[in-house]
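For reference, the structure discussed in these notes is given below.
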Amino acid sequence: MSEECLNLLIHYSWPGNVRQLENLIERLVLISDSVILMSDLPEMITENVEQVTQIDLPTTLDKALDETKRILIRKSYQTYKSSRKVAKDLSISQTKASALIREYCGDLMNK
C-alpha cells in the first residue's frame with residue numbers, strides 16, 4: 001500500500017468501523033495489481049477525508065496493527081462506555097473487549 005493511501009485510510013472516520021475497513025482491504029487486495037494506490041480507493045473515501053497532514057507511520061506491521069486496534073477500541077469505548085456494547089460494535093467477544101479496554105482505555109475508565 002502506498003504511504004499516501006495508508007495515511008488517508010488512517011484519517012478516514014470509518015463510520016462502519018472495523019467491518020467497513022476489513023471489507024475495503026479485502027476488495028483492494030483483489031483488484032490491485034501490486035501496490036494499492038489512491039486511485040484504487042473508492043470515491044466515498046477519497047472525497048470524505050479532511051485534509052490530511054503527513055504523519056509518522058509505524059515501522060512494523062505489529063506496531064501498525066496495535067495502533068489501529070488502540071484507535072478502534074478507544075473510539076468505541078468513548079461512544080458506548082460498556083464492554084458488552086464495544087464487543088458488539090467491533091464483533092469481538094465481551095471477554096476480549098474487556099481486556100482491550102483495560103489495556104487501551106485505562107485513562108478513560110475513571111472519567
Side-chain angles (χ1 to χ4, degrees):
M1 183 174 294
S2 73
E3 191 169 328
E4 180 185 28
C5 184
L6 182 58
N7 197 26
L8 185 119
L9 293 178
I10 288 170
H11 285 87
Y12 185 66
S13 66
W14 298 108
N17 289 322
V18 74
R19 288 177 225 75
Q20 182 184 16
L21 173 60
E22 181 180 39
N23 290 335
L24 176 66
I25 296 299
E26 287 175 1
R27 182 176 155 275
L28 291 172
V29 167
L30 292 173
I31 66 168
S32 299
D33 292 328
S34 59
V35 176
I36 298 170
L37 304 171
M38 293 290 287
S39 59
D40 295 322
L41 295 175
E43 285 183 18
M44 65 176 261
I45 291 179
T46 58
E47 292 177 354
N48 292 312
V49 174
E50 296 176 16
Q51 189 63 23
V52 174
T53 57
Q54 190 62 29
I55 60 166
D56 292 327
L57 296 173
T59 56
T60 67
L61 178 60
D62 286 340
K63 288 180 182 176
L65 292 172
D66 191 57
E67 180 63 14
T68 302
K69 194 185 313 182
R70 184 188 72 77
I71 291 167
L72 288 171
I73 292 294
R74 287 180 66 88
K75 183 176 180 181
S76 185
Y77 184 73
Q78 286 174 324
T79 301
Y80 297 109
K81 305 281 192 247
S82 156
S83 62
R84 291 188 191 280
K85 290 178 182 178
V86 168
K88 184 176 180 183
D89 180 46
L90 300 177
S91 297
I92 58 177
S93 72
Q94 195 269 331
T95 303
K96 185 170 186 171
S98 292
L100 292 170
I101 289 167
R102 281 191 304 275
E103 181 177 353
Y104 296 113
C105 303
D107 61 319
L108 301 175
M109 294 175 74
N110 299 323
K111 289 183 178 184

**OP:** Find out if a path of hydrophobic residues (ILVMFWY) with successive side-chain heavy-atom gaps under 4.5 Å connects Leu9 to Leu65.
**Re:** no

Original post:
Who else is in the cluster with Ile71 when I, L, V, M, F, W and Y are joined by side-chain contacts under 4.5 Å?
Top reply: none

**OP:** For Gln20, check side-chain contact (heavy atoms from CB on, under 4.5 Å) against everything at least two apart and list the hits.
**Re:** Tyr12, Trp14, Pro15, Met44

Subject >> Partner residues of Thr60 under the side-chain contact (heavy atoms from CB on, under 4.5 Å) criterion, sequence neighbours left out >> reply: Asp62, Lys63

Original post:
Residues in side-chain contact (heavy atoms from CB on, under 4.5 Å) with Asp66, at least two apart?
Top reply: Glu103, Tyr104

Subject >> Hydrophobic cluster (4.5 angstrom, side-chain heavy atoms) - remaining members for Leu37 >> reply: Val35

**OP:** Go through the structure and list residues passing side-chain contact (heavy atoms from CB on, under 4.5 Å) with Val29, not counting sequence neighbours.
**Re:** Ile25

Original post:
Any link between Leu61 and Leu28 through a network of hydrophobic side chains (Ile, Leu, Val, Met, Phe, Trp, Tyr) touching at under 4.5 Å?
Top reply: no

For residues 83-90, dump all side-chain donor-acceptor pairs below 3.5 Å to protein atoms at least two apart in sequence or in another chain.
residue	atom	partner	partner atom	Å
Ser83	OG	Gln94	NE2	2.4
Ser83	OG	Ser98	OG	3.3
Asp89	OD1	Asn17	ND2	2.7
Asp89	OD2	Asn17	ND2	3.3
Asp89	OD2	Ser76	OG	2.8

Subject >> With Ser91 via side-chain hydrogen bond (donor to acceptor under 3.5 Å, both in side chains) - residues at least two apart >> reply: Arg19

Subject >> Listed partners of Arg70 passing side-chain hydrogen bond (donor to acceptor under 3.5 Å, both in side chains), at least two apart >> reply: Glu67

Subject >> CD1-NZ distance between Ile73 and Lys69, expressed to the nearest 0.5 angstrom >> reply: 8.0 Å

**OP:** List in chain and number order the residues that pass side-chain hydrogen bond (donor to acceptor under 3.5 Å, both in side chains) with Asp40, two or more places apart in sequence or in another chain; answer none if no residue qualifies.
**Re:** Ser32

**OP:** Enter the distance from Glu3:CD to Met38:CE here, rounded to the nearest 0.5 Å.
**Re:** 12.0 Å

Subject >> Inter-residue atom distance Leu41.CG - Ser2.OG, 0.5 Å rounding >> reply: 7.5 Å

Subject >> Stepwise side chain to side chain contact (heavy atoms under 4.5 Å, CB included) test for Leu6 and Ile36 >> reply: CA-CA 9 Å; Leu6 182 58; Ile36 298 170; over 6 Å; no

**OP:** Give a yes or no on whether Glu43 atom CD has more than 12 heavy-atom contacts from other residues, nucleotides or ligands under 6.0 Å away.
**Re:** no

